[in-house]
Peer 1: 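Quick one: structure below, then a few questions.
Being a predicted model, the structure only gives us computed values, none of them experimental. So that the names make sense, note that chain A is the first sequence line, chain B the second, and so on, each numbered from 1. Values below: all heavy atoms of this structure, side chains included; hydrogens, waters and symmetry mates excluded.
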There are 2 protein chains.
Amino acid sequence: MEPTDGKRPTIYDVAREAGVATSTVSRALTNPGRVNERTRDRVVEVAERLGYRTNALARALPSGRTRTVALFVSDITNPHFFGIIRGAEQQTRAAGCTLILADTEESPDLEAAHIERLSGSVDGFVIAASRMSDQQIGELTGRHRLTLISRQVGGVPSAIVDHEDGTRQIIEHLASLGHRSVVYAAGPRRSWLAAKRWHAVRAVSRKLGLSATRLGPFPPAVQGGAAAADAALGQGATAVIAHNDLLAIGMLRRFTDRGVHVPNDISVVGYDDIFGADFCSPPLTTLAGQFDEAGRLAIDLLLGARDGTRPPQADNQVVLPSHLVVRGSTGTAPS
Amino acid sequence: MEPTDGKRPTIYDVAREAGVATSTVSRALTNPGRVNERTRDRVVEVAERLGYRTNALARALPSGRTRTVALFVSDITNPHFFGIIRGAEQQTRAAGCTLILADTEESPDLEAAHIERLSGSVDGFVIAASRMSDQQIGELTGRHRLTLISRQVGGVPSAIVDHEDGTRQIIEHLASLGHRSVVYAAGPRRSWLAAKRWHAVRAVSRKLGLSATRLGPFPPAVQGGAAAADAALGQGATAVIAHNDLLAIGMLRRFTDRGVHVPNDISVVGYDDIFGADFCSPPLTTLAGQFDEAGRLAIDLLLGARDGTRPPQADNQVVLPSHLVVRGSTGTAPS
DNA sequence: AAAACGACTGCAAGCGGTTGCCAAACTTTG
DNA sequence: CAAAGTTTGGCAACCGCTTGCAGTCGTTTT
């Protein structure tokens, strides 16, 4: 029954069929209060009958609002981002929007390129673990709606998991097991988080009277673990804190291969509590945080800011709690 | 220097500044052969100077081609899909397009709803592990560009990893270890793959003279493993093939908890070789396949078909090879 | 030298909605 | 019953880019 030549019906088709103007159809469908109930019912009925679907592109063109947001992750392979992606996807959907996903491959240039490319087809960006400089991010904020995850930059809304308090929990845990020194196996040089975690490790260690050493940087992946493990053994470490769980798991494997027993000979702690941290061998003691919540929150911050519901102010920097999950990879210090 | 009032420059701005018509600007930028080299250079120079970026929406509106594709996964939590997502993302980007990601939460209705919603803003859909019926998919193919992963339906392009040959490898491996019977812990009822895997298990078992039993269905997640493990023990199984690695890992944990030793008491095999399969305890014997390649291929099929490069025929059903990775979770049958 | 031909480039009509402005119709008020 | 006010619905102008058609010129063909 569609008056179309095989194409999707438009508001013109609906308008003709219902005997009204396109403007009325448009209002009937999007601005219910603005049109008489009877005509609205008729329009809706006709639209339904014709199988009319509004064309998102056409709708977005005049307003510029696409109801689409982009999420960038620095490495789509890393299970750490699963939670973030899932949370962001859920919340985006809940807001009736669409999520675009892009992998930035640890490259600040690729981040910028993606923004450049998507700018205009997207209402805003959520960047997880951005590798761009503070300055770059600052400049971008002027031109685009932007929200960060696992990164803080003055004036930019963000959601992070508390690394300071979390690191305190880690170090106190190790100290309570009798460890007098810790080694930190660092993540990528450009990673803001890697820097922050090291700072926290050093600060807390100092306060508790432990010595802290930094090794690395190592690639934040399972394969990076071998070098990190060897380096830690070279230091004669009794406890090592890895930049993230991937690295920690890689270290565990290397220790096993080298006949080093965890936790008797050395304790290992990771960050993030990723998938697998609970069933590797031994199960990993790690700092857990609600990263799916961070993903949700980042979307809220972005979309809320967009609607003017919340002012996009500097104080939109949410810090989520973290808690230590103690498993088998940590034990009393060897004597 | 931009003649704009803070907004992005458009081809009108470029046209005015370069002293040509907008149509010339458009052609100069997209259809190089259609315009004199000198004017083209001038246009390009002006566009550059003004910081002109083409508006993807406006470009897509007349043509209907958005250079965007959507990927659906049935459960974004499942690490199995990350290879697929990564491959699809890479290939989409390589083709200069944009990827939209959506979670369908194991629901055929949600798949349909997503298609409905995105139809018009997307050039095509890649659906991984679709839960829709063959008939639904068939109907959709008429109206949308569609490619499947881990699912075959007549006439629809698809990429799957060989489950028949793979299952043969699994059963032969188990038979060679002296097992005389296998138990299959099934996945979701709506899963095409679960059905296929069971069929293959049964067929190959029969051929090799083993008995095969199906249990389940179980949720294809780590949590589903406990029930599956208990059921397998109830059957007195010596070897169990799990619908996927998540389920297999869950079973391993349950066996450990119940004091059942793997592989001495029972052998466990999974499918997919997901992240974690190599470091769970014991490491999991599993059927590996190149799922990132499947993701890439699905995009190629979709985009190639779109450009008319390949005919969107039924024979566009690619089957990727699979190979068994033997690890510690399988051993000789108990006597 | 006139005709035919190409190479460029401009005109203008969309693509499918949204929305400011205005007129018609209907209500309420004095 | 006229004046003022309130709904309701249509007109038409965008949003920014693409593209069929046609016009302008400089060349080549006969």
Side-chain angles (χ1 to χ4, degrees), chain A residues 2-44 46-47 50-68 119-123, chain B residues 2-44 46-47 50-68 117-123:
Chain A
E2 303 163 20
T4 61
D5 39 343
K7 310 176 69 65
R8 293 168 38 147
T10 71
I11 49 169
Y12 291 88
D13 298 315
V14 177
R16 185 168 2 93
E17 187 76 11
V20 297
T22 60
S23 48
T24 304
V25 175
S26 173
R27 283 192 275 255
L29 264 26
T30 63
N31 211 341
R34 201 49 192 76
V35 75
N36 187 325
E37 187 168 351
R38 289 230 318 267
T39 44
R40 168 154 49 87
D41 287 350
R42 182 152 42 92
V43 168
V44 169
V46 171
L50 261 44
Y52 167 77
R53 307 272 90 116
T54 132
N55 178 325
L57 260 61
R59 158 126 70 188
L61 188 50
S63 64
R65 293 177 73 236
T66 58
R67 304 194 62 76
T68 299
S119 154
S121 7
V122 144
D123 288 348
Chain B
E2 304 161 20
T4 62
D5 39 344
K7 310 176 70 66
R8 293 169 37 148
T10 70
I11 50 170
Y12 291 90
D13 298 315
V14 177
R16 184 167 3 91
E17 188 76 10
V20 297
T22 61
S23 47
T24 304
V25 175
S26 173
R27 283 190 276 255
L29 264 26
T30 63
N31 215 341
R34 271 300 265 114
V35 74
N36 186 325
E37 189 168 350
R38 289 229 319 267
T39 44
R40 170 156 47 88
D41 287 349
R42 185 151 40 92
V43 168
V44 169
V46 170
L50 261 45
Y52 168 78
R53 309 271 89 119
T54 130
N55 177 326
L57 260 62
R59 157 124 70 182
L61 188 50
S63 64
R65 293 178 69 236
T66 58
R67 304 194 62 73
T68 300
R117 181 176 61 91
L118 291 174
S119 153
S121 5
V122 144
D123 288 347

Peer 1: Between A:Arg38 (CZ) and C:dC26 (C1'), how many Å, whole number?
Peer 2: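 In whole Å, C:dC26 C1' and A:Arg38 CZ are 13 Å from each other.
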
Peer 1: Rounded off to whole Å, could you give me the CG-to-P distance for the A:Leu61 and C:dT18 pair?
Peer 2: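 Going from CG in A:Leu61 over to P in C:dT18 covers 11 Å.
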
Peer 1: State whether the distance check finds a donor on one side and an acceptor on the other, under 3.5 Å, for side chain B:Arg27 versus base C:dG10.
Peer 2: yes

Peer 1: Out of A:Val46, A:Val25, A:Leu29, A:Asp13, which residue meets the side chain to side chain contact (heavy atoms under 4.5 Å, CB included) rule with A:Tyr52?
Peer 2: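 Result for side chain to side chain contact (heavy atoms under 4.5 Å, CB included) with A:Tyr52: A:Leu29.
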
Peer 1: Answer with base, sugar-phosphate or nothing: what part of the nucleic acid does B:Thr54 contact at a heavy-atom distance below 4.0 Å?
Peer 2: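 If one applies the 4.0 Å heavy-atom cut-off, B:Thr54 turns out to touch the sugar-phosphate alone, with no base involved.
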
Peer 1: Could you state the atom-to-atom distance from CD1 of A:Ile11 to P of D:dC14 in whole Å?
Peer 2: 18 Å

Peer 1: Have A:Arg8 and B:Ser119 got a donor and an acceptor in their side chains that come within less than 3.5 Å?
Peer 2: yes

Peer 1: Which whole-number value in Å describes the distance from B:Leu29 CG to D:dG16 P?
Peer 2: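 So the two atoms are 16 Å apart, to the nearest Å.
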
Peer 1: Take the protein atom CD of B:Glu37 and the nucleotide atom P of C:dC8, then report the distance between them rounded to whole Å.
Peer 2: 10 Å

Peer 1: NA contact type, A:Val20, heavy-atom cut-off 4.0 Å: base, sugar-phosphate, or nothing?
Peer 2: sugar-phosphate

Peer 1: For B:Val43 and B:Ala28, which heavy atoms make the closest approach, and how far apart are they?
Peer 2: CG1-CB, 3.9 Å

Peer 1: Which one, C:dG16, D:dG9, D:dT18, comes nearest to the side chain of A:Asn55?
Peer 2: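 Taking heavy atoms from C-beta onward, the closest nucleotide is C:dG16.
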
Peer 1: Would you say A:Thr39 places a side-chain N or O within less than 4.0 Å of OP1 or OP2 belonging to D:dG9?
Peer 2: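 Looking at the OP1 and OP2 atoms of D:dG9, one of them is under 4.0 Å from a side-chain N or O of A:Thr39.
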
Peer 1: Is the distance from OP1 or OP2 of D:dT19 to the nearest side-chain N or O of B:Ser23 less than 4.0 Å?
Peer 2: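 Negative; the distance criterion is not met.
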
Peer 1: Could you go through the side chain to side chain contact (heavy atoms under 4.5 Å, CB included) check for A:Asn55 and A:Arg59 one step at a time?
Peer 2: CA-CA 6 Å; A:Asn55 178 325; A:Arg59 158 126 70 188; over 6 Å; no

Peer 1: Quick one: is C:dG14 close enough that its OP1 or OP2 comes under 4.0 Å of any side-chain N or O from A:Tyr12?
Peer 2: no

Peer 1: Could you state the CG-C1' distance from B:Asp13 to D:dC17, rounded to the nearest angstrom?
Peer 2: 13 Å

Peer 1: Return yes if the base of C:dG16 and the side-chain atoms of A:Arg59 contain a donor-acceptor N/O pair under 3.5 Å, otherwise no.
Peer 2: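 Looking at the base of C:dG16, it does not pair with any donor or acceptor on the side chain of A:Arg59 (distance under 3.5 Å).
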
Peer 1: Measure CG/A:Leu57 against C1'/C:dG17 and give the value in whole Å, please.
Peer 2: 11 Å

Peer 1: If I take atom CG in residue A:Asn36 and atom C1' in nucleotide D:dT6, what distance separates them, rounded to the nearest angstrom?
Peer 2: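 These atoms are roughly 13 Å apart.
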
Peer 1: OP1 or OP2 of D:dT8 sitting under 4.0 Å from any side-chain N/O of A:Thr24?
Peer 2: no

Peer 1: Classify A:Arg40 by what it touches in the nucleic acid, base, sugar-phosphate, or nothing, heavy-atom distance under 4.0 Å.
Peer 2: nothing

Peer 1: Looking only at heavy atoms, which two atoms of A:Pro9 and A:Gly51 are closest? And how far apart?
Peer 2: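 Shortest heavy-atom contact: CG-O, 3.7 Å.
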
